[in-house]
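Below: the structure, in structure tokens.
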There are 4 protein chains.
Amino acid sequence: MTKTVDPDPPAARVGRPRSERSRSEVLRAASDLMREVGLRAMTTDEIAARSGVGKATIYKWWPNKYAVAVEAFLAAMDTAAADPDTGSAERDFRLALRGIMQFYRGPNGRVFAQLIGEAQSHPDIAAELRHHLMQPRREVGRAIWDRGVARGELRTDIDREIAVDLVFGPAMYRLLATDAPLDAETADAIVAAAMRGLAAV
Amino acid sequence: MTKTVDPDPPAARVGRPRSERSRSEVLRAASDLMREVGLRAMTTDEIAARSGVGKATIYKWWPNKYAVAVEAFLAAMDTAAADPDTGSAERDFRLALRGIMQFYRGPNGRVFAQLIGEAQSHPDIAAELRHHLMQPRREVGRAIWDRGVARGELRTDIDREIAVDLVFGPAMYRLLATDAPLDAETADAIVAAAMRGLAAV
Amino acid sequence: MTKTVDPDPPAARVGRPRSERSRSEVLRAASDLMREVGLRAMTTDEIAARSGVGKATIYKWWPNKYAVAVEAFLAAMDTAAADPDTGSAERDFRLALRGIMQFYRGPNGRVFAQLIGEAQSHPDIAAELRHHLMQPRREVGRAIWDRGVARGELRTDIDREIAVDLVFGPAMYRLLATDAPLDAETADAIVAAAMRGLAAV
Amino acid sequence: MTKTVDPDPPAARVGRPRSERSRSEVLRAASDLMREVGLRAMTTDEIAARSGVGKATIYKWWPNKYAVAVEAFLAAMDTAAADPDTGSAERDFRLALRGIMQFYRGPNGRVFAQLIGEAQSHPDIAAELRHHLMQPRREVGRAIWDRGVARGELRTDIDREIAVDLVFGPAMYRLLATDAPLDAETADAIVAAAMRGLAAV
DNA sequence: GAATAAACGAGACGGTACGTCTCGTCTTATG
DNA sequence: CATAAGACGAGACGTACCGTCTCGTTTATTC
């Protein structure tokens, strides 16, 4: 099977084509609104009003405002998580976690937290976030882990997923459930503790 | 001054006193509804209908349905987090994390996740949860840590809060942002990894 | 006949007697409120608050706020309609209608109109008003009529009730359904027209 | 310029046009409800439920249920008051008043009374009723009067408005403030008395 | 260049939950 | 025992947002 039809590109569909301008205006308006009033307070009517796009058009291309929000959020941020690859797993983890903390701390951090929050009641949002946000991040973590194991820097008797959870979990815990700081020093301290362990000797 | 402050007890307030029955019925109805239809789909009208309490009475004592939900949730669960205190910090952490994972896995787990989710848009809910749920849990973690340090089982160069984050953070990360399992084996593996660290030797 | 049984006075009923102060305070508060905010906007709670009387006490002695309003209204106004009896039916009617118009025009006029309005949906209010307000007024009209007939000033082939309607009806018509003036000149014009008739010669 | 101003007709307004079906269903439902349960007991929710129209739509086009009621009432009745014009003012008045009495007596009579009643607390309802109900009726009365004067049947020293009040006032007085009958004989008696006057000779 | 087709903006629509308000009843402690 | 204070159940109110629909218009491909 050599990759079949591919429905869109040469399709040259009849009728008026989808307006790219509308799409981008909707996403921009949603992105702004999320930051200004928050995810919950943002209304579809306001997105429509700000973007100059009809409400029906929004509902034609997105199932609800949360889908718009997720797409707007992903488009607005640099979705590709950078993989440091400095030659040291500890240094890589440090840089990766610092990046995450910085992101959480920034203007998109609260929006992200609200999206994760909304996802607890909307399985489709949850799936979308997991696929486009969490997975890429974890993938970087896994790559760091694998390289460290290959270099003999890391234990081999620990499940890779557990290891990634240990490094990335505390940051989200702090973001969503505490008001503890999310700064670079904290990132470094978490990575240091995770690497060397809590037990004495 | 013999008479201690204590403004209320002998107050013998004038007028009809608040109905304890109404309060408990509201909380019970809310608790049931959260489990049955979820936090978002639960409506104030339905709480009123099920509890036989007037809607105005609900709004008199709680500002909105989320405040009811938080109180109902706290009342419904054994809010006092048990402190194992087995004489070993690792064993204590293991038991504590197993307890948390079991709670997350159970019927209240999803409700809790939805509450944390809602808290991202409602600062007052967030404060309530932090004060009545997160803090007691962390307090147990801190006690375990302090005892372990006193016994010489744990490192002394690690910030206590970081240590608690390392043990409890991954569980919440899994609950809210992944669909990874939340079983006892995972709890044990997380504690083991946290104690011994990720770095080789 | 020296004033008969009258069940209460010597009864020396057991328990705390009804507070006359409460009764009058309720009526005073209701009377004020009706004039200030209107009959519909007046609430039982506000009557209670202003009068310093418990709401339950109000409902103990009156079935609802409209009953309070009727009683307050009757108490506040000089309920006894004066019978002029000048020796001339036309002059009597003129004076009576002038009095009615003046009353309609005054601060109690709008309250009265609102009571009549409310009575359209509350048969008990209607009955109360008819008995204590309309009937005494009509009685004066009937007396004027009878004296005029006896004096030979008035036709004998007209039903007395019709005659009274003809003199008093236009005023209420103006009060309730038009914004035509309610002054003494109008009163005189109505009586003059009613007396002499509309037909030429 | 041949094409006269006429701003609306070819307007071809943008957006979905107002649903005529919704409007008429609301009015029909309100009309039914007023007759069935009365004006006060009729609720906006019930109008919405019966008409299959959203509550928000009702509030979009009418400020409250009374505005709906007035419009429904006017639409349901033959708003154009017929002008008899028989060639005799007395006969014209008789027919007109008979018609009014019949209307008051009928199923719409009580609704009308309740509307007038409500108007005592709602100036906008009052204005609406005056403009669309009272004025047309009075206009007929004025026309009858003018024709009678032209034909020399009626006095010329009586104010036209006073004359109309004299004929139409008693009927409303009876409807709203007494329980006296509203039949054709009464109508005839009133007109007869008004025409010939109350005074002897 | 006319016909066809789809997407578009505007905005009205049915539905539903919200939080507020008033009614008339009740449950206390007080006089 | 009547009272004042005030909490209560019931239920209507008017608002807000959701997601759908119905217009007339615009922008493309197809004949």
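Note on naming: letters A, B, ... go to the chains in the order of the sequence lines (proteins, then strands), and numbering restarts at 1 for each one. Every value quoted in this text rests on a predicted model; they were computed, and no experiment measured them.
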[N] phosphate, OP1 or OP2, under 4.0 Å from [X] side-chain N/O:
X: D:S19; N: F:dC23; value: no
X: C:Y59; N: E:dG24; value: yes
X: C:T44; N: E:dT22; value: no
X: D:T57; N: E:dG14; value: yes

(message) Go through it in stages, so that I can follow the logic: the residues are D:E46 and D:R50, the test is salt bridge (charged side-chain N to carboxylate O under 4.0 Å, His left out), and I'd like the CA-CA distance, side-chain angles, deciding distance and then a yes or no.
(response) CA-CA 6 Å; D:E46 183 64 14; D:R50 282 213 192 184; 3.3 Å; yes
(message) Has D:T57 got a side-chain atom pairing as donor or acceptor with D:V53's backbone, closer than 3.5 angstrom?
(response) no
Round to the nearest Å and state the distance from [X] atom [atom1] to [N] atom [atom2].
X: A:E46; N: E:dG11; atom1: CD; atom2: P; answer: 15 Å
X: B:L33; N: E:dA17; atom1: CG; atom2: P; answer: 12 Å
X: D:R23; N: F:dT22; atom1: CZ; atom2: P; answer: 20 Å
X: D:R40; N: F:dG11; atom1: CZ; atom2: C1'; answer: 15 Å
X: A:E118; N: F:dC18; atom1: CD; atom2: C1'; answer: 14 Å
X: C:W61; N: F:dC1; atom1: CH2; atom2: P; answer: 13 Å
X: C:E20; N: F:dA2; atom1: CD; atom2: C1'; answer: 14 Å

(request) Find which nucleotide of DNA chain E each of D:R18 and C:D45 is nearest to by heavy atoms, and output the residue with the more 5' nucleotide. (result) D:R18
(message) Here's a test of your reading of the structure: between A:V53 and D:K55, which maps to the more 5' nucleotide of DNA chain E?
(response) A:V53
(message) Does the plane of the ring in D:Y66 sit parallel, tilted or perpendicular to the ring in D:H122? Use 30° and 60° as the thresholds.
(response) tilted
(request) Would you state whether a donor and an acceptor, one from the side chain of D:R16 and one from the base of E:dC13, lie under 3.5 Å apart? (result) no
(request) State whether A:W61 and A:R21 meet the cation-pi test: NZ (Lys) or CZ (Arg) under 6.0 Å from the six-membered ring centroid, and within 45° of the perpendicular axis. (result) no
(message) Let me spell it out: for each of C:G54 and A:A56, pick the nucleotide of DNA chain F with the closest heavy atom. Which residue's pick is nearer the 5' end?
(response) C:G54
(message) Can you work out whether D:P17 or B:P17 has the more 5'-proximal nearest nucleotide on DNA chain F?
(response) B:P17
